[in-house]
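Quick note: numbers below take in every heavy atom, side chains included, and nothing from hydrogens, waters or symmetry partners. Proteins get letters first, then strands, A, B, ... in listed order; numbering begins at 1 in each. Note that the structure is predicted; figures quoted are calculated from it, not measured.
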Amino acid sequence: MERIRFQLEDLVTKAAEQCRSEQAFNYSDLPEFAIETPRDEGHGDFACNVAMLLARQARMAPRKIAEEIAARIDVSSVTAVENVEVAGAGFINFFMDDVWLAQVPSLVTQMDAMYGCNPSKRKRIQVEFVSANPTGNLHIGNARGGALGDSLANILIMDGYEVSREFYINDAGNQIDIFAASLEARYLQLLGHSISFPENGYAGKDVADTVQRFIGLHRDNLVELDSEERRRRLVDYALEEKSDYMLKTLADFGVFYDVWFSERSLHESGQVAAVLNALRAKGYLYEEDGALWFRAGNESDVEKDEVVVRANGVPTYFAADIAYHVDKFERGFDRVINIWGADHHGHVARMKSALKAMGYDPDNLDIILMQLVRLFRGTQLIKMSKRTGTTVALDELIEEVGRDAARFSFVMRSSDSGLDFDLQLARQKSLENPVYYVQYAHARIMSIHRQAAAAGVKLIKPEQLDYSVLGSAEKELLRKIADFPEEIAIAARTLAPHRIARYAMDLATIFHSFYNHHRVLNDDESLQNARLLLVELVRITIKNALTALGVEAPDHM
RNA sequence: GUCCCCGUAGCUCAGCUGGAUAGAGCAACGGACUUCUAAUCCGUAGGUCGGGGGUUCGAAUCCCUCCGGGGACGCCA
């Protein structure tokens, strides 16, 4: 379909140039205009806005310009163009011959599971998402990040990028020390020693359970050791257990990673120290109150400088994060995308500023700030608290509402919007739940195929399609199907997976309406053949859209 | 105080890099199952796109400002 757009663009450009040479009107540069798909069918298959954009330069009413251009468009050079009209403020509308829609069936059936994919961009993108602290279970916000990141990665792949999914394990730093102290306290308490629990410690039941399992394996072996060694052994055990569980839970959620990257490894390899040295050499670091600060303040959009090494000599999370992002770009990614919770937004400008200081182009780093999720059960808000462990974790969420409903709910909304997730609503298999609406369309089509097979009706090949039997309802479906690769491109460009959820719902709507008005299996053989092929194209497209979102396309419901 | 997100129908939201008469779902009301799955469809009703300026041929969309809601401003991550 893209080819048609280029051809039309070319037609318009030539016609405009001809206008200039014939002095119909004058302009110096032809503005970058659009060949868009009008919302209203009455406005044709494609519309061009060039006349409005030329109005100022040409000093002529847009409508008049459009007429001059339209009169010079050579329709015969592109066979698929049937008619050109000027409408509205000065739109040039193209009405296409059926020829171009007739290309859709063979395209879809040939590409099948690949339909929607765009040509290779020959670029590598890394998507880093979830990256939860391995000190607790995955919560509802991580679930949104997981659904979003995984879908985005799928969409980028479809749009022709090479994509690597990455999880950054925060297995170093302050919170790990607190975690270790909490583990130690629980360990000693469970073995009957009277010891106070750290004030800011991890008091959740899951932490106690982890310690209990450790005791089951190793009994009281650690009691006699010194505290540092005891903590090290406990935390190593706990981090491994927690990470494994996260991996498993994310896999249950349909999320798989290419790389698990350890923060601790950055310290151990000396990369953090190396980055600090480099920044110091470039004059970006200074000392104040005993700590080492990164000078980010030169950039107008950065509020404050940030500490990279504390007064006690320990590097901060930020220091490690700079080293981490340097490492990402050193691995050769053309573009790096992070999905962060909105509460991290203060970090964005400083991170970019640090990357710039290190000699990288900060524009190659995109950070999606995902607004926070509130969890409800009916009208009751469920408060999140990592410390007390009262939140609903991702594994419980999957258990309660199912993977498909959960993933679709998270990904159907723009990441810019806050999300209220109602457990009661999500578990209902009802109208409130758009995922079933889309899945139902797929199941219905599968049912038609089963009936067809039972009656001995075979699916025809696209080249056998009698195009003339298709009515306006069928053509509307074909047009929507034809849009899919472009939808993928837009979703990839704007980093907005929710567009694909929206698209799937729209396509399902058109299909359900068609289904209720027309029978696929009927007495007219050529009509039946055409419709059966058509619904198969719908099925492929819906399935590919759902797959991009990590949602199943069921055969039965 | 500074910064980020949001404000569109009664509710939940979509609206792509400005484009033609602002769209869905839910809720309300009225219809459609002896026929491929009624988890569906068809119709009716519902809007000063938070307010005010500005840019433009054209603004829900871009800029400024004010109001309202949420969030962040730590030698935590």
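- With sequence neighbours excluded, the residues satisfying ring pair (Phe, Tyr, Trp, His ring centres under 6.0 Å) with Tyr324(A) are Tyr168(A), Phe261(A).
- Residues satisfying the side-chain contact (heavy atoms from CB on, under 4.5 Å) criterion with Thr494(A), sequence neighbours excluded, are Ile490(A), Ala496(A), Arg499(A).
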Short N/O separations, protein against nucleotides 8-11 of chain B, under 3.5 angstrom:
none

*Which dot-bracket string describes RNA chain B (Watson-Crick N1-N3 plus N6-O4 or O6-N4, or G-U N1-O2 and O6-N3, all under 3.5 Å; [ ] crossing; | other strand)?*
(((((((..((((.....[...)))).(((((.......))))).....(((((..]....))))))))))))....
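- A search for ring pair (Phe, Tyr, Trp, His ring centres under 6.0 Å) contacts involving Phe408(A) returns nothing, not counting sequence neighbours.
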_Per-nucleotide protein contact string for nucleotides 29-37 of chain B, where B marks a base within reach and S marks sugar-phosphate only (heavy atoms under 4.0 Å, - for neither)_ = ------BBB
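- Each salt bridge (Lys or Arg N to Asp or Glu O under 4.0 Å) pair with one or both residues in residues 504-524 of chain A, not counting sequence neighbours, appears once here: Lys480(A)-Asp506(A).
- Take Ala453(A) and apply the side-chain contact (heavy atoms from CB on, under 4.5 Å) test, not counting sequence neighbours, and it matches no residue.
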List every contact pair, protein side and nucleotides 57-63 of chain B side both N or O, where the distance is under 3.5 Å.
{"from": "rC57(B)", "atom 1": "N4", "to": "Met52(A)", "atom 2": "O", "distance (Å)": "3.2"}

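- Note on residues 128-144 of chain A: pairs passing salt bridge (Lys or Arg N to Asp or Glu O under 4.0 Å), not counting sequence neighbours, are Glu128(A)-Lys328(A).
- Under the side-chain contact (heavy atoms from CB on, under 4.5 Å) criterion, Tyr515(A) pairs with Arg444(A), Ile448(A), Phe511(A), sequence neighbours left out.
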Report, one line per pair, each donor and acceptor closer than 3.5 Å where one atom sits in a side chain of residues 28-35 of chain A; sequence neighbours left out.
{"from": "Ser28(A)", "atom 1": "OG", "to": "Gln57(A)", "atom 2": "OE1", "distance (Å)": "3.2"}

